[in-house]
Amino acid sequence: PINKGVTITANDPAAKPTLTVPQVLIAAPNVKLDNLKIQQTAGTNTELYTIQVTAYGTEGQITVTDSEIIPVTEGRGFSNNAGAAFDITFTGNIVKAANEGDQLAYAIYINGYDNKYVFQENIIGSCSVSQFGFDLYSGYELPEPVDISKNYWGGLEPSIELFVGTDPGEPDLTGQYVYYTELNDDGTIDEGSLHTPGIMLVSGGSTTYFDTIEGALNAAVDGDTIKIAAGEYELTSALPINKGVTITANDPAAKPTIKVPQVVVRSNTGVTLESLNIVQTGTSSDRVLKFVGGTGDMAVKNCVITAPDGGSGVAFSSQGDITFTGNTLTADGDLRYGFYMNSYEGASYTFEENIISACTKAQFGVDQKAETLSTPVDISKNYWGGAGPSLELFVNGQSGTPALAGQGTYYTKLNSDGTIDKNSIYPPVEPTPQPTPLPPSGGSSGSGNMNNAYRVLFNDGSTTLSV
């Protein structure tokens with residue numbers, strides 16, 4: 001037992017002393033164990049943690065650094081079961097079974113209060129149950145997520161058990177997808193092997209990393225941003241987006257490629273997709289991207305959306321404002337439909353600077369759900385394969401003429417890099433006439449009353465003075 005707030009450390013950090021003991025019980029606050037090798041006595045009950053924090057008090061710090069913790073096979077490493085809210089720092093340690101190839105049951109397990117917990121730069125051996133467990137006591141909230149980034153978990157992401165008040169739950173946890181994958185020959189962590197996943201969830205002032213887009217979406221709340229690093233991400237099923245989030249490239253100059261059967265958006269709080277390369281997999285003739293229902297504002301900006309041969313691009317059936325700018329709609333073969341939307345009274349529609357490939361049906365379609373629209377849907381300033389768009393127009397499902405504008409104004413050329421040539425606008429824009437200066441007058445006001453000069457300049461009835 002350690003009943004006092006002391007530091008126990010190696011006299012020579014390069015030569016760790018070995019303490020062979022059934023269990024170390026930390027029964028006081030402000031204890032630090034540093035540069036020790038703590039080996040559990042052979043034959044010890046496997047349910048005893050090698051280091052167990054049981055201290056009581058109102059505040060304090062428990063620190064374990066740069067130590068080796070060696071439980072018996074199927075034993076347990078470090079646990080906090082204190083009857084008080086202590087900050088825990090557990091860094092630079094090794095927790096593993098004594099014999100190569102053997103497993104522990106648990107490496108680290110924490111019963112948590114509203115305190116700060118840091119677990120980084122540790123080497124954690126294989127466990128039959130979990131490498132990291134956390135049980136947040138009922139009625140408590142963490143001031144910040146528990147950070148378990150930058151550990152070595154056998155080269156893989158950790159095996160985890162999470163509870164709230166002993167019931168399965170999800171306490172705030174971050175960093176589980178940021179870990180080291182290799183050790184050096186001397187058994188230390190290879191810092192060059194840090195695995196950082198490509199998907200970041202920015203929520204408030206914190207960033208959490210995920211290996212999957214679905215995982216980030218599940219953890220997101222309205223108003224969050226999901227940033228995706230350059231690379232290829234393949235999903236085996238449709239991606240539903242039911243929250244008001246922004247999904248964008250981490251670097252707009254390096255669009256990530258998302259291969260997915262379909263993206264389906266339904267939200268009342270608004271969704272933005274930006275700087276993504278979305279490729280539909282399979283042979284579906286349905287849309288690559290569908291906005292179905294919801295009242296939130298929807299935006300798609302600077303994306304490349306690719307359908308399979310015979311497939312279709314994008315369909316909007318949401319009642320909020322729609323912004324669709326700077327995108328490319330194309331197909332791996334023939335594109336059936338490019339862009340299709342249902343228009344509603346009271347919503348605004350911005351549709352410009354897009355590149356729409358030729359379509360076997362229509363490049364642009366609109367079904368006007370309101371009998372009249374206060375503002376026409378403006379489709380000017382797009383590239384439709386060098387000519388005006390092919391259209392399908394309906395009013396409440398019947399052939400008609402919705403309030404549409406700009407179909408006769410479009411770009412006719414692309415630059416060599418595939419972007420729109422902004423100088424190729426059709427019809428050509430006539431130069432703005434410049435006013436012709438009045439000839440010099442023969443009169444002068446000298447230093448007297450300027451009214452004389454005004455009379456001279458305007459005596460021919462002119463109403464404009466050019467200077």
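Every heavy atom of this structure was used, including side-chain atoms; hydrogens, water molecules and symmetry mates were not. We're numbering straight along the sequence, starting at 1.
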Which donor-acceptor pairs under 3.5 Å do the side chains of residues 273-282 make with protein atoms, sequence neighbours left out?
| from | atom 1 | to | atom 2 | distance (Å) |
| --- | --- | --- | --- | --- |
| N277 | ND2 | T257 | OG1 | 3.0 |
| Q280 | NE2 | P261 | O | 2.8 |
| Q280 | NE2 | R287 | O | 3.3 |

Only pairs under 3.5 Å count here: list side-chain donor-acceptor contacts from residues 154-161, not counting sequence neighbours, and write none if there are none.
| from | atom 1 | to | atom 2 | distance (Å) |
| --- | --- | --- | --- | --- |
| S159 | OG | Q131 | N | 3.0 |

Examine distances only and state if a side-chain atom of [X] and a backbone atom of [Y] form a donor-acceptor pair shorter than 3.5 Å.
{"X": "D417", "Y": "T419", "answer": "yes"}
{"X": "E352", "Y": "S380", "answer": "no"}
{"X": "T412", "Y": "S424", "answer": "yes"}
{"X": "D222", "Y": "G244", "answer": "yes"}
{"X": "D309", "Y": "D334", "answer": "yes"}

Quick check: are there more than 12 heavy atoms from other residues, nucleotides or ligands sitting under 6.0 Å from [atom1] of [X]?
{"X": "D186", "atom1": "CG", "answer": "yes"}
{"X": "Y383", "atom1": "OH", "answer": "yes"}
{"X": "K96", "atom1": "NZ", "answer": "no"}

Problem - Option from F351, Y410, Y340 for which ring pair (Phe, Tyr, Trp, His ring centres under 6.0 Å) with F364 holds - result: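 Of the listed residues F351, Y410, Y340, the ring pair (Phe, Tyr, Trp, His ring centres under 6.0 Å) partner of F364 is F351.
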Practice task
Check each of F119, Y117, Y113 against F134 using the ring pair (Phe, Tyr, Trp, His ring centres under 6.0 Å) test, and report the only one that passes.
Solution key: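 In the set F119, Y117, Y113, the residue that makes a ring pair (Phe, Tyr, Trp, His ring centres under 6.0 Å) with F134 is Y117.
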Practice task
For residues 156-199, pull every pair meeting ring pair (Phe, Tyr, Trp, His ring centres under 6.0 Å), keeping only residues two or more places apart or in separate chains.
Solution key: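 Sorted pair list: Y177-F210, Y179-H195.
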Exercise for the section: Would you list the pairs meeting ring pair (Phe, Tyr, Trp, His ring centres under 6.0 Å) in which at least one residue belongs to residues 272-300, sequence neighbours left out? Expected result: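 Passing the test, one end in residues 272-300: F291-F316.
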[X] and [Y]: which non-hydrogen atoms are nearest, and at how many Å?
{"X": "E141", "Y": "D114", "result": "O-CB, 3.0 Å"}
{"X": "L201", "Y": "I226", "result": "CD1-CG1, 3.8 Å"}
{"X": "P256", "Y": "A229", "result": "CB-O, 3.3 Å"}

Hey, are [X] and [Y] close enough for a salt bridge, meaning a charged N less than 4.0 Å from a carboxylate O?
{"X": "D367", "Y": "K369", "result": "yes"}
{"X": "E392", "Y": "K361", "result": "no"}
{"X": "E353", "Y": "K422", "result": "yes"}

To the nearest 0.5 Å, how far apart are [atom1] in [X] and [atom2] in [Y]?
{"X": "Y137", "Y": "T166", "atom1": "OH", "atom2": "OG1", "answer": "10.0 Å"}
{"X": "N115", "Y": "N80", "atom1": "CG", "atom2": "CG", "answer": "9.0 Å"}
{"X": "F324", "Y": "L329", "atom1": "CZ", "atom2": "CG", "answer": "4.0 Å"}
{"X": "I247", "Y": "T272", "atom1": "CD1", "atom2": "OG1", "answer": "9.5 Å"}

Exercise for the section: For S374, enumerate each residue passing the side chain to side chain donor-acceptor pair (under 3.5 Å) test, keeping only those at least two apart in sequence or located in another chain. Expected result: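 Expected list: E345.
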Exercise for the section: Output all residues satisfying side chain to side chain donor-acceptor pair (under 3.5 Å) with Q103, sequence neighbours left out; order by chain, then residue number. Expected result: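 For Q103 the side chain to side chain donor-acceptor pair (under 3.5 Å) partners, ignoring immediate neighbours, are S126.
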